[in-house]
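Throughout, a chain's letter reflects where its sequence line sits, starting with A, and its residues are numbered from 1. The model shown is predicted, which means the values in this text are computed figures rather than measured ones.
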Amino acid sequence: MRFVTWNINSVRLRIALLERLIDRLNPDVICLQETKVPDAEFPKQPLQTLGYDHLHVHGMKGYNGVAILSRVPLSDTRAHDWCGKRDCRHIVAGLAGGIDLHCLYVPSGGDVPDPEQNPKFKHKLQFLDELTEWSATSGILSRTAVLVGDLNIAPLENDVWSHKDMLTVVSHTPVEVDRLDRLRAARDWVDVARHFVPADEKLYTWWSYRAKDWERSDRGRRLDHIWVTPDLTPKLAGFEVFRAARGWQPKPSDHVPVVLDLAL
DNA sequence: ATGGTAGCGTAGCTA
C-alpha cells in the first residue's frame with residue numbers, strides 16, 4: 001500500500017498538480033496539509049473520478065486544513081482540536097487491519113523562537129505538548145499507526161542546509177526539536193525517512209519560495225515526516241522524497257510529496 | 001543585517 005503526504009499549499013490552486021502526482025505515483029492514500037478550503041468547497045469530484053472515493057476532509061476558510069484521500073475504505077474518521085482552537089490541523093482515519101492513520105499540520109511558530117515574546121511559538125510548543133500528553137494517556141498508545149504530515153520541525157543536523165546557522169531559526173531550535181523528540185518517544189515512533197536514508201545524508205522536503213534559485217542554493221529543510229509504530233517496521237517496503245515536484249510549473253508548492261510503501 | 005515570495009482575498013495575516 002502506497003501512502004503519500006504533501007503540504008499542497010492550497011488544494012484548489014493546485015488540483016492539476018495533484019492529478020499529476022497521482023499519475024506519477026499512483027498512491028492508495030494521499031494525506032494533504034494546508035488545503036486552505038472549507039469542506040463544502042473541497043474539490044471532491046476530480047478526485048472521485050480518479051478513484052479516491054473515500055475522503056476525510058477537515059478544512060477552514062483561508063488557512064490550515066488537512067485531508068485524507070483514499071482508494072481503500074476509511075473507518076472511524078475523526079478530527080482533533082488542540083490548544084482550544086478549531087484550526088483544522090489533525091485528522092485520523094482507520095484503515096483495514098486495525099491501522100490508524102494520522103494526518104497532521106503542526107503550527108509553524110512564527111519568527112521569534114521565544115514563547116514569552118511570540119505567541120505563535122508558544123502555540124507550537126503547546127500543540128506538541130498536548131499531542132504528547134494525549135499520546136501517553138488516550139489508550140491510543142497500543143494501536144498500530146502511521147503518522148504523516150508537515151510537522152514544521154527539522155530535527156537532525158542533516159535535516160537542514162546548515163545546522164549551525166539554523167540553531168536559532170524556528171523549525172530547528174533545540175527547544176522545539178526536544179518537544180518533537182518527546183512526542184516521538186511517547187509511542188516509540190519510527191522516523192521512516194531516517195530508516196531508509198542515513199542520518200549523515202542531507203534530506204529536505206521544503207525549500208523557501210524566497211530563494212532566487214531553490215535548486216541551486218538548495219537551502220532546504222526536512223519539515224514533512226512519516227512515522228510508523230514499531231510493529232510496522234517489518235512492513236516498511238519503500239520511501240521517497242519526490243523532489244522533482246518542487247520544480248513543477250506553474251506554481252509549485254514549497255513542500256514536496258513524501259512517499260511510503262508498506263507491505264500490508 | 002536585511003529582505004526576499006506565495007496564498008487568500010482584496011488588507012493584512014500567515015507561512
Side-chain angles (χ1 to χ4, degrees), chain A residues 5-21 31-43 57-67 81-90 103-115 117-128 148-155 159-162 164-173 175-177 179-180 204-225 243 245-258:
Chain A
T5 181
W6 191 18
N7 180 324
I8 195 169
N9 188 18
S10 173
V11 68
R12 284 178 294 183
L13 189 66
R14 285 187 247 278
I15 190 69
L17 294 188
L18 183 56
E19 288 170 342
R20 190 183 308 180
L21 177 79
C31 296
L32 300 176
Q33 302 85 36
E34 285 207 86
T35 53
K36 297 188 174 179
V37 62
D39 296 347
E41 288 142 64
F42 194 97
V57 300
H58 187 53
M60 58 191 277
K61 188 178 165 72
Y63 304 106
N64 309 331
V66 284
D81 291 327
W82 306 112
C83 307
K85 297 176 191 281
R86 295 190 199 161
D87 55 358
C88 303
R89 294 178 180 275
H90 185 190
C103 178
L104 261 176
Y105 176 51
V106 173
S108 177
D111 289 330
V112 180
D114 178 352
Q117 288 183 51
N118 173 9
K120 291 182 194 171
F121 195 70
K122 186 175 180 182
H123 177 213
K124 183 178 199 174
L125 299 182
Q126 189 184 341
F127 186 99
L128 292 163
V148 308
D150 177 4
L151 306 186
N152 263 317
I153 295 172
D159 294 338
V160 292
W161 65 278
S162 167
K164 184 167 166 287
D165 289 332
M166 290 286 299
L167 276 170
T168 56
V169 176
V170 171
S171 71
H172 193 61
T173 66
V175 61
E176 56 194 308
V177 168
R179 292 306 216 286
L180 191 70
Y204 314 136
T205 66
W206 173 90
W207 293 260
S208 173
Y209 282 126
R210 295 175 185 176
K212 281 196 183 106
D213 183 339
W214 72 272
E215 194 162 26
R216 203 164 69 89
S217 58
D218 199 21
R219 294 187 168 189
R221 307 177 195 173
R222 185 169 73 101
L223 304 179
D224 302 274
H225 296 264
R243 183 180 164 116
R246 185 61 180 80
W248 277 353
Q249 298 301 326
K251 290 182 175 291
S253 172
D254 47 354
H255 295 254
V256 297
V258 183

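Between K251(A) and K120(A), the residue whose closest nucleotide on DNA chain B is further toward the 5' end is K251(A). Nearest-nucleotide assignment on DNA chain B puts the 5′-proximal partner with A211(A), out of D150(A) and A211(A).
Between chain A and DNA chain B, the heavy-atom contact criterion of under 4.0 Å yields a 5' to 3' nucleotide range of dG4(B) to dA15(B).
Residue R89(A) is classed as a sugar-phosphate contact, given heavy-atom separations below 4.0 Å to backbone atoms only. Residue K212(A) is classed as having no contact, given no heavy-atom separation below 4.0 Å to the nucleic acid.
Heavy atoms of other residues, nucleotides or ligands lying less than 6.0 angstrom from CG of D111(A) number 12 at most. Atom CZ of R86(A) has 12 or fewer neighbouring heavy atoms from other residues, nucleotides or ligands inside a 6.0 Å radius.
For the P atoms, the distance linking dG7(B) with dT2(B) amounts to 27 Å, nearest Å. Comparing the C1' positions of dG4(B) and dA15(B) gives an interatomic distance of 14 Å, to the nearest angstrom. Spacing between dA6(B) and dA11(B) at atom C1', rounded to whole Å, works out to 16 Å. Rounded to whole Å, the C1' atom of dG9(B) lies 24 Å from the corresponding atom of dG3(B).
The stretch residues 245-255 of chain A participates, sequence neighbours left out, in no salt bridge (Lys or Arg N to Asp or Glu O under 4.0 Å) pair at all.
Between C103(A) and Q33(A) the shortest side-chain heavy-atom distance falls below 4.5 Å.
Judged purely by atom type and a 3.5 angstrom limit, D39(A) uses its side chain to pair as donor or acceptor with the backbone of G59(A).
The pair D218(A)-R243(A) counts as a salt bridge, with a side-chain nitrogen and a carboxylate oxygen less than 4.0 angstrom apart.
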